[in-house]
Amino acid sequence: MAWQSRFDDFAFVDTSSKPKNAWQGENVPGSRPQKQPFSNCSDRHRGGWQAHSHDGGSFSSNGTNKNPDANGIKHIRICDLTTETSFVSIIGLIISKEGPKSIFSKKGTGTERHLVSFTLRDDPTAFINITCWGGQDYATRLSDQFKVGDVVEVKGAQVQAKSKNPSDEKFKPWTPSSFCLNLGENHGELNFYYGLDAENFSSLLRVPTRASNDFYTLEDIQANGMNLHTEHINIFALVKKVWPVRALTTKTGKHITKVDVVLCDETCSAFQLTLWGCFVNLTDDWKPLQTVLFAADVRITYSDFHSGMVACTDSKTVFTVDPDTLEAQMLSEFGRSQFSDTMNHDSVSVLESVTKDPEISSITNVLMVREVKKLQKDLLYSNGQCSYGVVYAFLSHFDIDADNRNIVRLACSKCHKSVNANGRCLCRAQDCSGNQLSAEPPSVLEFNVTVSLTDESGSLEWCYVAPAAIEQLLECSASEFQAADDSRKTRLKWQYLFERMKGVVKISGSNSAKSGKSFVRVMALEKIPHSEVLSGRYSAS
Amino acid sequence: IKEKKSNPKSQEVDSSMRMFTCPINTMREWMSLNVAPGLVMFEVFGIIDSAVLRTKDGAGKEFMLSDDSSKIKCIFYEIDRELPKITRGQVHRVIGSVDCKQNKFKVVSVRPAEDGERQICHYATQGSHTEMEELARLSNEP
C-alpha cells in the first residue's frame, strides 16, 4: 500500500513509480513559483491574506483562549506553537480530513496501526495537521464523528516539528505551521468545541488555504499540458456538473468511492476533476454553475481517454468551497451568465416552438434595473415563462478588449452550441443534426459577449447579449472583430462603455421548475440619441 | 420579533453597483453618509477648471472639475487608453468613483457634454436623488 511509505518509523515500501520530488518546487529545474510555501514569498501573499481577513475582529477573541478555561486547560493558538511546547491544547476548525486508513508498523513487525488525520485552522494564516493514532475502532469512530466544518478542541496533543525529509510531507496537506500534532488513543482527546466563540471559526472555512491569486486557470492547465503531468497545483473554478458517485474495488480488494466533477471557468468550458474517498461526501452540496471551488494541491495528470489534462484529489488536497473572495464572487456571477447562456441554447428548440419572442420593436414597457430583478425573482420557479422589457441604463461592463476571455466563439450553425476548433469544428450536441453532412458550413464564428447594465437602482451583471445585437452595435462581424488589433478593440469599447444605452431584455425562468433559476438576456442593445433617452426613460417624470 | 423582521429587509437592499447623476457637493455628502451597500459610481456634469497635469508618480493625470455647487480634484489613470483631449473652461461629462481618503474623484470616462444632455442631467439627478433618499432611509431604520 502506498501509505506505507508515509512515515519515517514505518516499513518503507518503495513507490518509485511516483516521480520523487516532482511536487517539490525548489528541487526541480524550471519549477513554478506557486509551489513555494507562501511564507517564502510573504509580501504578495500577506497582501492576499489581509484582504480576506476582513472579519479580523472575530478572531481576536481567540486570544482569550490562552487563558485557562473552566477546566483549567490552557489553549494555545496554532501560530504560537514553539519547539519548547511538547503537549498542547488547541481549538480549531476542521478544514480537511483523511482516513481512516491503516499502515503496518516497522517496530511491531507487521502489526497494523490505524489513523485518521485532520487539518485544523484557527486563523486565516494558521493551520496545522493532526494525526490521531489508535485501533481500528478508534480511527473509524473519530472519522465518523468529525467532519470538515466542525470546531473541535484538542487536548494534550503531542507537538512534533515537521520532518526535514520532504517525503514525510508528501501525503499531508501543506500547512504554514512548522509543526504537526499527534494524538493517540490513550493520550490526548479530540472533542467538539461548544464555546461561545465557536461561531467565529466558521468564516475560516471560506478562506482559501493558499493566496487567492495562486491558482492556474483551466485554460492555463491545458496550455501547460505535459509540463504539469503529476504536479500538484491549485485550481479555482466553477462546478459545472457532478456525476453520480461510483463505488469501486481496487486490485487489493479495498472498497473505494469516487466521483467525477466537471469544472469550468471563464477560459475553459469543461475540465475534469475526480474526487476519491473522503472527498466524495463534499460533493453532496455542490450545485452546478453555482458552487465555486478553490482546490489547493490537486494532482494533474494526462488522460488518454480525455486526450488532455485532468485533475484528481489526493491526500494533499484541501477544498475551500465558495471562498469569500472577490474573484469567487465574479466567478459565480459568470456562472449565472453561463447558466442563462446554456439554458438559452439548450431550450432554444423547445421554447421557440412554443413561445416565439415578440418583435423587438413591439417591446416598449420601460423597466428599471430593480424591476427587472423583481421579475427575475418572480420567474424563478415559473417553468420557462418569460417577460420582456426595455432598460435605459449605463453600460458598465463591456470587456470586449480583454485578452483572457473569448469574445468570439465557434458555434454550430444549426444549434448554436459552442464547438471546439480542435474537434474539427463538428457539433457534438446529441440532439443536433448539424453533425451530419449538410450543405451548410458546420460552424460559424459569433460574438459571445456579456455586459452589465447599471442605473441608480442597481446592476444587471453578466448578461449574455444576442450575437446579432453585438454585431449591430459594433457594426462589424465577429470575424472582422477577431481580426482587429487591440487598440481598435479598446477604442470600440470606450465608444460605448459608461454611455447610456437602451437594452431590450428578456427575463425568463428555466425550463425545469425545480432548479429555481431565471436569467436575463439582452436581445438588442443600442446607444441612442439623448432626445430618445428623455422621451423613453423620463417621459413619466 | 421586530429585529428579525427588519434584518431580512436590510438584506434586500441591492448590493450591486449603482450609478448616480448628481452635483459635486451631493456626491461628497453621499459618500460621507456611507450607506450604499455596494460600489457607487457618479455621473457629474461640470467645467474643467484647471490645466491637465501628470501626477508626481507619473501614473495618472489630474485636473479640477467644478460646478455650481463645488469643485473637486479629479484623477485619471491611463490604464488602457490615454486621457482624451479635454478643454479647460468647457462643460464635460465625467464618470468615476470617489476616493474618500484622498478626497479625489477617480475618473474612468470623460468627454465633452453633448447637446441635449442638460435635460438628461436634470431628470437623472432627480431620479438619483429619490433613490439616494430611499437608501438613506432604509439604512437609518433600526
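Numbered from 1 within each chain, the chains take letters A, B, ... in sequence-line order.
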SB check B:Lys104 B:Asp99 (cutoff 4.0 Å) =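 So B:Lys104 does not pair with B:Asp99 through a salt bridge.
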Self-check item: Member of A:Arg500, A:Lys502, A:Lys527 meeting the salt bridge (Lys or Arg N to Asp or Glu O under 4.0 Å) criterion with A:Glu532
Solution: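 It is A:Lys502; the other options fail the test.
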**Request:** Report the option among B:Arg93, B:Gln119, B:Glu114 that has the most heavy-atom pairs separated by less than 4.5 Å from atoms of chain A.
**Result:**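 Highest number of heavy-atom pairs under 4.5 Å: B:Arg93.
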Out of B:Thr21, B:Ile95, B:Ile120, return the one with the most heavy atom pairs under 4.5 angstrom to chain A.
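When all of B:Thr21, B:Ile95, B:Ile120 are compared, B:Ile120 has the most.
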Heavy-atom contact with chain A under 4.5 Å, split by part of [X]:
X	result
B:Ala124	both
B:Met41	side chain
B:Val40	neither
B:Glu134	neither

* Would you mind checking which part of A:Arg491 comes under 4.5 Å of any heavy atom in chain B, side chain (CB onward), backbone (N, CA, C, O), both or neither? =>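 No part of A:Arg491 comes within 4.5 Å of chain B.
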Practice prompt. Could you look at A:Thr490 and say if it's the side chain, the backbone, both or neither that has a heavy atom under 4.5 Å from chain B?
Written response: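 Just its side chain gets close to chain B.
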What side-chain donor-acceptor pairs closer than 3.5 Å can you find for residues 480-487 of chain A, not counting sequence neighbours?
unit_1   : atom_1 : unit_2   : atom_2 : d
A:Asp485 : OD1    : A:Ser487 : OG     : 3.3
A:Asp485 : OD1    : A:Arg488 : N      : 3.0

(Q) Suppose we screen for side-chain contact (heavy atoms from CB on, under 4.5 Å). Which residues come up paired with A:Lys374, at least two apart in sequence or across chains? (A)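 For A:Lys374, the residues satisfying side-chain contact (heavy atoms from CB on, under 4.5 Å) (neighbours in sequence not counted) are A:Asp378.
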**Prompt:** If we ignore angles and hydrogens, is there a donor and acceptor under 3.5 Å between the side chains of A:Lys373 and B:Ser16?
**Reply:**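 Per modelled atom types, A:Lys373 and B:Ser16 side chains form a pair under 3.5 Å.
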Below 30° counts as parallel, above 60° as perpendicular, anything between as tilted: where do the rings of A:Phe334 and A:Trp462 land?
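Judged by the thresholds at 30° and 60°, the geometry between A:Phe334 and A:Trp462 is perpendicular.
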